Amino acid sequence: MEGKHTGDEVKIRGWIHRTRDIGNMAFLNVRDPSGIVQATFSKDDMDEDKFEEVKDLLVESSLKVKGEVAEDERAPGGYELRVTDVEIVHASEDFPIHKDQSVEHLLDNRHLWIRSTEMRDILNVRSTVFGAIHEFFRKEGYKEFQSPILTPLACEGGATLFPVEYFDDHVYLTQSWQLYAEAGIFGTGDIYTIAPSFRAEKSRTPRHLTEYWHAEVEGLWHDLDDIIELGEGLVLHIVDRVLEENEEELERLEVDLDYLKGLEAPFPIITYEEAVSKLQEEGIDVTYGEDFGVPEEKKLTSLFDKPVFVTHYPKEIKAFYMKRAGEDDTKVLGYDLMVPHVGELIGGSVRETDVDSMIRRLEEGGEDPSIYDWFLDTRRYGSVPHAGYGLGIERVIMWLCDLDHIRDAIPFPRTPNRYRP
RNA sequence: GCCGUCGUAGCUUAACAGGCAGAGCACUCGGCUGUUAACCGAGCGGUUGGCGGUUCGAAUCCGCCCGACGGCGCCA
């Protein structure tokens, strides 16, 4: 509907977005996955009974319309379809969503709300992001590798797990692909996955889901510089692809396109220690050894016009599997990639390869190393240096689309208070 | 887990130092030959989240419970 079909007879199959009738004429805005166009019905040009039937249709009724495309400044968008024939596919019941809706009502009716232009735009971007991740890793020579969703293992020290009955026993929904990936690299080499991860944490924030999609990668012989480059490359590739495929959607979502278009390598890299001094200079009350909270992240990301890598965190605030930095073993060879409004996009690290120090770290963390027995075998039979990271896909979408809440980055969000529809 | 805000018609809400629960949208009926969230007229629609208490009288005050939303913490 941009003038390309003016004068042509076309058929459209879709749903009624809005209706108006003025006696002998009716105007139906018809939506399909590509957009909305006004369909104009005139009593004189069609069967009278059918006209009356069309006039009575409610919003979201499905129909097929045939007619001529006409340029008309009175039509929204400047073009309309002058209908000559219509087939009613299904006359809708009174649709629960109208104007003036609360967040709560839209979430209760999420299965209907995903028909909205806003949700459709976001989900189109989401589709591009998933495709771009596969493209990037395959282009870079990484193989796709799957881990089980049902697992007896915890993967991250403190994080809580969803228990699942497993016949007479119980297992958990996975929090991460990583531990299985660390076994996988011995056969397949460099690997990646896109898979759901589950966290049973009652996090009440705009950037947490209990079920989220996780892009993870594990690379043989990789060091910290390798996974920094790999993280930066992935993010830039996603941005490029979304700008190529979804500029129209991003404009409707009122995203700052100049910011996204201006992103290029290299992203700034600072150590945790430098970050702490910078924050202190900026008047933020942080002491060395504390993990960053929301105020710290907010300030830190505001100091850069690109995503920023923060490396070499103290070992106390990071997971047991991260390798110590050779020059200072109070720090780990890992990083977080942070962006404004969203916080952490990627968390990555070089993995500890020595079985004894790994067992020690687990015991220090109050865990029973015997549960990790099979995993520790990856450090017993030809242990090799390796590294990897995990990226929160909904967080990337939230960042790209400038969303206020991560729940809108996924069709059917799962949060501590909500698991329907 | 902690702190805060809010539950009134299908939806969005008004009424709150206690005194007849009212409107807009949606829907139904009627009118209108170019509407743009059309408009005009009429109608339908309420156990004020639940239980208990105070009071002559509670949507309004008090207690408990349930639910949702927002913020912090934890993380991707």
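Quantities reported herein were computed from a predicted structural model and do not represent experimental measurements. In the text below, chain A, chain B and the rest are named by the order of the sequence lines, each starting its count at 1.
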(request) Pick the P atom in rG4(B) and in rC64(B), then give their distance to the nearest Å. (result) 13 Å

(request) Write down the atom of A26(A), the atom of K55(A), and the distance for their closest heavy-atom approach. (result) CB-CG, 4.2 Å

(message) On the side chain of E73(A), is there an atom forming a donor-acceptor pair with the base of rG34(B) - under 3.5 Å, no angle test?
(response) no

(message) Can you tell me which residue among E218(A), H222(A), H386(A) is in a side chain to side chain donor-acceptor pair (under 3.5 Å) with R351(A)?
(response) E218(A)

Report each atom pair, protein N/O against N/O of nucleotides 39-46 of chain B, whose distance is under 3.5 angstrom.
none

(request) In whole angstrom, give me the gap between the P atoms of rG45(B) and rG34(B). (result) 35 Å

(request) For K50(A), enumerate each residue passing the side chain to side chain donor-acceptor pair (under 3.5 Å) test, keeping only those at least two apart in sequence or located in another chain. (result) none

(request) Not counting sequence neighbours, which residues clear ring pair (Phe, Tyr, Trp, His ring centres under 6.0 Å) with W15(A)? List them please. (result) none

(message) With rounding to the closest Å, how many angstrom separate the C1' atoms on rG67(B) and rC25(B)?
(response) 25 Å

(request) Would you give the length of the straight line joining atom NE2 of H341(A) to atom CD of E297(A), rounded to the nearest 0.5 angstrom? (result) 12.5 Å

(message) Show me the pairs that pass side chain to side chain donor-acceptor pair (under 3.5 Å) and involve residues 102-111 of chain A, at least two apart or across chains.
(response) Q101(A)-H105(A), H105(A)-N109(A), D108(A)-R418(A), R110(A)-D408(A)

(message) Across nucleotides 5-11 of chain B, 5' to 3', mark each nucleotide with B, S or - according to how protein heavy atoms within less than 4.0 Å reach it.
(response) ------S

(request) Considering only atom P, compute the distance from rG7(B) to rU48(B) and round it to an integer number of Å. (result) 15 Å

(request) Could you check whether Y212(A) and the base of rA76(B) form a stacked pair, meaning centres closer than 5.5 Å and planes differing by less than 30°? (result) yes

(message) Just to verify, what does W221(A) make a ring pair (Phe, Tyr, Trp, His ring centres under 6.0 Å) with, not counting sequence neighbours?
(response) none

(message) Please report the interatomic distance CD(E71(A)) to CD(E73(A)), rounded to the nearest 0.5 Å.
(response) 9.0 Å

(message) At a heavy-atom distance below 4.0 Å, what parts of residues 273-295 of chain A sit against RNA chain B?
(response) D291(A), G293(A), V294(A), P295(A)

(message) With no hydrogens and no angle check, just 3.5 Å: does a side-chain donor-acceptor pair link H208(A) and E201(A)?
(response) no

(request) When you get a sec, tell me which of rC69(B), rC74(B), rU28(B) is the closest nucleotide to the side chain of R407(A)? (result) rC69(B)

(request) State yes or no: are the ring centers of Y321(A) and Y372(A) separated by less than 6.0 Å? (result) no

(message) rC75(B), OP1 or OP2 - any side-chain N/O from R207(A) closer than 4.0 Å?
(response) no

What protein N or O atoms touch nucleotides 64-68 of chain B N or O atoms at under 3.5 angstrom, if any, and at what distances?
{"from": "rA68(B)", "atom 1": "OP1", "to": "N417(A)", "atom 2": "O", "distance (Å)": "2.6"}
{"from": "rA68(B)", "atom 1": "O3'", "to": "R418(A)", "atom 2": "NH2", "distance (Å)": "3.2"}
{"from": "rA68(B)", "atom 1": "O2'", "to": "E104(A)", "atom 2": "OE1", "distance (Å)": "3.0"}

(request) Report yes or no: is there a donor-acceptor pair, N or O only, under 3.5 Å between the side chain of R20(A) and the base of rG34(B)? (result) no

(message) Using a heavy-atom cut-off of 4.0 Å across all strands, would you classify S197(A) as base, sugar-phosphate, or nothing?
(response) nothing

(request) Could I get the full list of side chain to side chain donor-acceptor pair (under 3.5 Å) partners for E352(A), not counting sequence neighbours? (result) S357(A)

(request) Using the C1' atom on both, measure rG24(B) against rC39(B) and round to a whole Å. (result) 15 Å

(request) Please measure how far the P atom in rC6(B) lies from the corresponding atom in rU13(B), and state the result in whole Å. (result) 13 Å

Compile the donor-acceptor pairs under 3.5 Å between side chains in residues 280-296 of chain A and protein atoms, sequence neighbours left out, one pair per line.
{"from": "Q280(A)", "atom 1": "NE2", "to": "V286(A)", "atom 2": "O", "distance (Å)": "2.7"}
{"from": "E290(A)", "atom 1": "OE1", "to": "T287(A)", "atom 2": "N", "distance (Å)": "3.3"}
{"from": "E296(A)", "atom 1": "OE1", "to": "G293(A)", "atom 2": "N", "distance (Å)": "2.6"}

(message) Please identify which of these residues, L253(A), I122(A), I36(A), meets the side chain to side chain contact (heavy atoms under 4.5 Å, CB included) condition with T117(A).
(response) I36(A)

(message) Within the 3.5 Å criterion, strictly below it, is a donor on Y192(A) or H134(A) matched to an acceptor on the partner's side chain?
(response) yes

(request) Give, for atom OG1 of T174(A) and atom NE2 of H214(A), the distance between the pair rounded to the nearest 0.5 Å. (result) 9.0 Å

(request) Go through the N and O atoms of the side chain of R395(A) and the base of rC75(B), and report whether any donor-acceptor pair is under 3.5 Å. (result) yes

(message) Let me check I have this right: for RNA chain B, each base becomes ., (, ), [, ] or |, based on Watson-Crick or G-U pairs with both distances under 3.5 Å. What is the full string?
(response) (((((((..((((.....[..)))).(((((.......))))).....(((((..]....))))))))))))....

(request) Take L58(A) and G347(A), find for each the nucleotide of RNA chain B with the closest heavy atom, and name the residue whose nucleotide sits nearer the 5' end. (result) L58(A)

(message) Whether the side chain of S203(A) and the base of rC74(B) hold a donor-acceptor pair under 3.5 Å is what I'd like checked.
(response) yes

(request) Answer with base, sugar-phosphate or nothing: what part of the nucleic acid does H405(A) contact at a heavy-atom distance below 4.0 Å? (result) sugar-phosphate

(message) What's L391(A) touching, base or sugar-phosphate or nothing? Going by heavy atoms closer than 4.0 Å.
(response) nothing

(message) Test: side chain to side chain donor-acceptor pair (under 3.5 Å). Region: residues 308-319 of chain A. Which pairs qualify, not counting sequence neighbours?
(response) Y313(A)-D336(A), K318(A)-D336(A)

